Amino acid sequence: MSSIIPVNKRKLLLKKLLITLKKYENEVTDALYKDFKKSSFETFLTEFNYVVSDLKYAISNIEKWTKPKRVWPSIMTIPSSDFIYSEPYGRVLIIAPWNYPFQLAFSPLIAAISAGNTVVLKPSELSFQTSQIITKIVEEVFDVKEAVVVHGGPEFAQSLLEKKWDYIFFTGSVAVGKIVAQAAAKHLTPVTLELGGKNPCIIDEGANLEVAAKRIVWGKFVNAGQTCIAPDYILIQAKEKYDFIELVKKEIIVAYGENQEESKDFPRIISSKHWKRLSDLIEPSKVIFGGITIENDKYISPTLIDEPEMRSELMKDEIFGPILPIISYSTEHELQSIIHKFEKPLALYVFSNNKKFAEKMITEFSFGGGCVNDCMVHFANKRLPFGGVGNSGIGAYHGKLGFDTFSHKKTIVKRPNWGDNPIRYAPYNKKSNFIKKVISWLT
Ligand code: NAD
């Protein structure tokens, strides 16, 4: 497989991909519905349109991105023309998860192709129908030498990881992320790891509770909570907790009706195994809303849990489903000690009318990214990097940064045969302290 796609070919391929995606929009929507009853509007908003807009952005900018970028010379290089060339890494392996199976496969693929790499894409075995339509689209657009989709579960993915790649881009769980990092280390292959975490959602005293409830209900229950940046648990001042809970219940009913099982907008859990894991996390005595689980439909209703034990299974790992624990705190110290119990999360949200408090939360904790007075929407701005820190990931992408992620930045200094700066040459004993001072001042 040739491992680089020439610049002129990339734009053509991306344009062809755009036409083909549009051709298969209905099939994409059907596939996601079959996989976990994701509604057509949610698929449009969080998968299809996201990818299409990513693609259009890459098509409009690819010429600018691929041009060598000229930078100012330094005192040691002058006279010179100094450049950063973006070089494709070569053969890229992309491993995608099931939760946004279309978007999280195509978005890195678009970035990798824009940067000129060839791609082997392994979508998740759990979102089978979506993986089929992804294959159909990729086969129609790309030559196998440019991009190919391969299928299989963990064992197959591990056999792929044994090969030598020029770059590995992985989206998935922390546990598998560690396996990927180990495999990559064998060949010193650079990686991006887009992982997960337990994302706190802080509600400060005096925050607008109506706005918070509306936005949190959307952020937590879209995709039935199977979102890496969904708020994992709420931290709220004890005296405001019950008002907030009533508002959240109201918003759930506004969004999904009195019987959420009947809502056409509320997806199902991806597999029986994940359904079982989530069902086991619900402790009936702590349920203050929902808690309905239907095995043969892989359904879990939007569920609110009041004051879970901090040592319970629910508060151990990322929940990744429609279960929202609500925990009260009374002092800032208490708030900090709860958040610091966990590894660095992928996202943190703070609802507050106090700018100082919000700023303090932003700087106090380390996390991938987040919002003030909202949740999840930071994902939607292409000008913002998206990625984790510590256990929630390594590296970032989106927009131009996606192109940069998949490019080696090659440094080039072009010098003429004249204009030598004598100060760098030996013998050094004649260089005075004055020259040293000048150098340290100019560099
Ligand atoms: P997962 O780690 O189980 O699987 C992800 C991919 O890895 C799949 O393609 C799977 O086939 C493959 N895989 C599974 N076991 C493997 C192994 N032993 N060796 C190599 N590959 C293996 O994750 P998932 O259940 O598909 O997705 C959910 C997780 O992904 C959550 O933790 C979530 O937070 C995270 N996630 C992160 C982001 C992000 O952008 N940071 C986005 C979506 C999901």
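Keep in mind it's a predicted model, so treat the numbers as computed, not measured. Note that ligands are numbered from 1 as they come in the structure, with each ligand's atoms numbered from 1 the same way.
Residues H151 and F128 keep their aromatic ring centres 6.0 Å or farther apart. In this structure, Y397 has its ring center no closer than 6.0 Å to that of F406. Note: Y50 and Y100 fail the aromatic proximity criterion, with ring centroids not under 6.0 Å apart. When ring centroids are compared, Y85 and H408 stay outside the 6.0 Å threshold. Between F342 and Y233, the gap from one ring centroid to the other is short of 6.0 Å.
The backbone of A96, and not its side chain, has at least one atom closer than 4.0 Å to an atom of ligand 1 (non-hydrogen atoms only; backbone = N, CA, C, O). Contact annotation for F170 and ligand 1: only side-chain heavy atoms (C-beta onward) come within less than 4.0 Å of the ligand. Within the 4.0 Å heavy-atom criterion, neither part of L126 lies near ligand 1. Using a 4.0 Å cut-off between heavy atoms, I179 contacts ligand 1 through its side chain alone, with no backbone atom that close. Residue contacts with ligand 1 for N99 involve side-chain atoms from C-beta outward but no N, CA, C or O (heavy atoms, distance under 4.0 Å). Neither the backbone nor the side chain of V174 has any atom closer than 4.0 Å to an atom of ligand 1 (non-hydrogen atoms only). Residue L161 touches ligand 1 through its side chain alone, judged by heavy-atom distances below 4.0 Å.
Checked against a 3.5 angstrom limit, the closest N/O atoms of S173 and ligand 1 fall inside it. Taking only nitrogen or oxygen atoms, main chain and side chain alike, E125 reaches within less than 3.5 Å of ligand 1.
A salt bridge is absent between E25 and K22; no separation between the charged side-chain nitrogens and carboxylate oxygens falls under 4.0 Å. Using a 4.0 Å cut-off between a side-chain N of Lys or Arg and a carboxylate O of Asp or Glu, K356 and E359 do not qualify as a salt bridge. Ionic pairing of D404 and K400 is present here: one or more N-O contacts between side-chain nitrogen and carboxylate oxygen are shorter than 4.0 angstrom.
One distance of note links CZ of F320 with CZ of R277; it measures 8.0 Å at 0.5 Å rounding. Going from atom CZ of F36 over to atom CG of L126 covers 10.5 Å, rounded to the nearest 0.5 Å. Rounding to the nearest 0.5 angstrom, the gap separating the CE atom in M376 from the CD1 atom in I229 is 5.0 Å. In this structure, N208 CG and F351 CZ are separated by 10.0 Å, a value rounded to the nearest 0.5 Å.
Of all the atoms in ligand 1, the ones that sit under 4.0 Å from a non-hydrogen atom of F320 are 28 (C), 31 (C), 33 (C), 34 (O). The E194 neighbourhood of ligand 1 comprises atoms 37 (C), 38 (C), 39 (C), 40 (O), 41 (N), with distances under 4.0 Å to a heavy atom of that residue. Annotation for ligand 1: atoms under 4.0 Å from non-hydrogen atoms of A157 are 20 (C), 21 (N), 22 (C). For ligand 1, the atoms closer than 4.0 angstrom to any heavy atom of L346 are 41 (N). Annotation for ligand 1: atoms under 4.0 Å from non-hydrogen atoms of L104 are 42 (C), 43 (C). Each of the atoms 34 (O) of ligand 1 lies under 4.0 Å from some heavy atom of G196. The atoms of ligand 1 that sit less than 4.0 Å from any heavy atom of S124 are 9 (O).
Protein heavy atom in closest approach to atom 35 (C) of ligand 1: G172 O, 3.1 Å. P97 CB, 3.5 Å is the protein heavy atom nearest to atom 27 (O) of ligand 1. Among all non-hydrogen protein atoms, the one lying nearest atom 36 (N) of ligand 1 is C228 CB, 3.5 Å. With hydrogens left out, the protein atom closest to atom 31 (C) of ligand 1 is E318 OE1, 3.5 Å, a heavy atom.
Considering T171, I95, L195 only, the shortest heavy-atom separation from atom 41 (N) of ligand 1 involves L195. The residue from V176, I229, T192 that puts a heavy atom closest to atom 22 (C) of ligand 1 is V176. Here atom 25 (O) of ligand 1 lies nearest to W98 when heavy atoms of F379, W98, Y397 are compared. With K198, H274, Q226, Q158 as candidates, the residue nearest to atom 19 (N) of ligand 1 on a non-hydrogen basis is Q158.
Judged by distance alone, the side chain of E251 and the main-chain N or O of A213 form no donor-acceptor pair under 3.5 Å.
The salt bridge (Lys or Arg N to Asp or Glu O under 4.0 Å) pairs that include a residue from residues 216-230 number zero, where partners must be two or more places apart or lie in different chains.
Within the 4.5 Å cutoff, no side-chain heavy atoms of F44 are placed close to those of T29.
Put simply, no part of G388 is less than 4.0 Å from ligand 1, judged by heavy atoms. Within the 4.0 Å heavy-atom shell around ligand 1 one finds F386.
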